[in-house]
Undergrad: 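First the structure, which I've put down as structure tokens, then a few questions once you've had a look.
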Amino acid sequence: MKAPDQPDVTPALEELYRGFEQELLVPLWTEIGDLMPTHPRSRAVPHLWKWENLIKLADQAGHIVPVGRGGERRAIALANPALGGRPFATPTLWAAIQYLMPGENAPEHRHSQHAFRFVVEGEGVWTVVGGDPVPMQRGDFLPQAGWNWHAHHNSTSKPMAWIDGLDIPFQYATEAQFFEYGRDEISDAERITPERSRSERLWGHTGLRPVSVKSTAPGSPLLNYKWAFTDAALADQLALEAEGYAGTVEQGHAAVRYTDPATGRDVLPTIRTEVHRIASGVETTPVKETGSSVYQVFDGSGVITVGDKSWTVSRGDLFVVPSWVPFSAKSEAGSGSDSGALDLFRFSDSPVLEALHLHRIETVK
Ligand code: GTQ
Ligand code: FE2
């Protein structure tokens with residue numbers, strides 16, 4: 001339909017548009033609705049990936065596709081159905097399941113992309129970050145800021161899976177990425193399995209930062225945020241609420257954000273990471289927020305609503321919340337989970353949006 005201030009289609013107008021085309025020019029007036037919408041309209045759509053399907057395909061890949069130099073990682077990415085088949089969960093975020101067979105090594109490399117790993121099941125893999133071996137267990141969150149050397153190794157007799165989150169699509173858009181290969185094999189000294197990484201021994205004590213050490217790199221110097229601490233923080237918030245003290249996001253909804261112990265800021269420059277615990281029977285208030293998120297169900301079950309989509313979810317399932325699309329979660333966990341609640345791991349591009357003053361959040365009435 002023609003806007004009120006637009007001219008009729010005449011031979012002169014058609015001639016003008018042909019001239020624009022020839023000179024590779026595009027007028028604002030035909031594009032403004034798409035380029036400058038009144039509110040965000042994400043190209044991405046809400047979508048759910050079931051863990052049982054992902055893990056089955058990852059295991060098949062483990063038996064058929066080797067991991068080594070070139071491909072680097074046996075990582076299989078979520079591709080949002082509205083993003084042209086690209087391995088992009090959202091316009092800014094990469095989310096993948098990574099799978100290592102017994103005894104396998106994923107070779108060392110480093111890249112400008114910021115990354116993390118989150119473990120929904122299994123144990124026995126460790127990731128060597130800058131020569132520091134970091135063991136991984138269920139519920140552990142391992143941030144790894146850009147340009148750190150890293151390699152993974154499975155020392156057990158069982159395959160192991162975890163999820164990776166990276167800002168690959170965001171950095172792809174910036175055209176500012178760098179990548180470098182490291183050693184093909186890590187040293188024997190890095191192949192040991194300590195109970196705690198050096199980073200945890202130095203930075204993993206609540207409220208206590210080492211006086212002698214400066215954290216100079218971008219992102220958190222703490223390489224593993226163990227589940228026991230996350231679980232205790234969430235349990236305490238709900239317990240405090242039950243005792244009549246505040247502390248929760250809203251009634252029956254506890255949440256923690258992973259932060260850099262040196263600065264108190266997000267653990268990664270481009271990615272925010274949180275865990276939300278929703279008590280059984282509780283439904284969260286629908287919220288819309290600029291920027292996009294990926295969630296993984298860590299424990300429990302429930303019903304997730306994102307815009308006009310609604311899914312029943314359980315442990316390991318992953319879903320996407322595009323920019324400015326209302327999100328709410330209803331916990332129906334009951335006795336199925338460790339805590340009797342629905343635990344959701346979330347990552348988003350919020351630090352980027354905040355840095356650029358583009359972050360907005362609203363509850364939906
Ligand atoms: O484990 O180093 O899912 O470099 C994508 C890129 C994982 C990794 C991914 C990576 C990695
Ligand atoms: Fe990597």
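Atoms within a ligand are numbered from 1 in the order they appear, just like the ligands themselves. Along the sequence shown, the residues carry numbers beginning at 1.
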Undergrad: Could you check whether R138 makes a cation-pi contact with F298, meaning its NZ or CZ is under 6.0 Å from the centre of the six-membered ring and within 45° of the ring axis?
TA: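 Ring-cation test returns yes.
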
Undergrad: Could you check atom 1 (O) of ligand 1 against the protein and tell me its nearest heavy-atom contact, residue, atom and distance included?
TA: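 Atom 1 (O) of ligand 1 sits closest to the protein heavy atom H152 NE2, 2.7 Å.
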
Undergrad: Once rounded to the nearest 0.5 Å, what's the spacing between atom CD of E108 and atom CG of N148?
TA: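 Here the interatomic distance stands at 10.5 Å.
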
Undergrad: For E354 and R272, what are the C-alpha separation, side-chain angles and deciding distance, and is it a salt bridge (Lys or Arg N to Asp or Glu O under 4.0 Å)?
TA: CA-CA 11 Å; E354 284 183 357; R272 173 162 296 166; 2.8 Å; yes

Undergrad: What protein heavy atom sits nearest atom 6 (C) of ligand 1, and how far away is it?
TA: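 Checked against all protein heavy atoms, atom 6 (C) of ligand 1 sits closest to L166 CD2, 3.9 Å.
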
Undergrad: Hey, looking at atom 4 (O) of ligand 1, which of R73, Q113, H111 has the closest heavy atom?
TA: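 Checking each option, the heavy atom nearest atom 4 (O) of ligand 1 is found in H111.
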
Undergrad: Suppose I only count heavy atoms of A75 and a 4.0 Å limit; which atoms of ligand 1 are within that range?
TA: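 With A75 as reference, the close atoms of ligand 1 come out as 3 (O), 9 (C).
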
Undergrad: With ring centroids as reference points, do H111 and H109 lie under 6.0 angstrom apart?
TA: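 Distance test on ring centres: under 6.0 Å, yes.
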
Undergrad: Check for me whether the distance between the ring centres of F116 and F141 falls short of 6.0 Å.
TA: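 Yes: the rings meet the under 6.0 Å criterion.
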
Undergrad: I'd like to know whether the aromatic ring centres of W162 and F118 sit less than 6.0 Å apart in this structure.
TA: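 Centroid distance W162-F118: not below 6.0 Å, so no.
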
Undergrad: Is R117 close enough to touch ligand 1? Criterion: a residue heavy atom under 4.0 Å from a ligand atom.
TA: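 Yes, R117 has a heavy atom closer than 4.0 Å to ligand 1.
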
Undergrad: At a 4.0 Å cut-off, with the gap strictly under it, does some heavy atom of H109 reach an atom of ligand 1?
TA: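 Flag set, H109 near ligand 1.
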
Undergrad: Please report which non-hydrogen protein atom sits nearest to atom 9 (C) of ligand 1, along with the residue it belongs to and the distance in Å to one decimal place.
TA: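 Nearest neighbour among protein heavy atoms for atom 9 (C) of ligand 1, to 0.1 Å: D164 OD2, 3.5 Å.
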
Undergrad: Quick one: which ligand 1 atoms are inside 4.0 Å of a heavy atom on A96?
TA: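 This gives 3 (O) as the contact atoms.
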
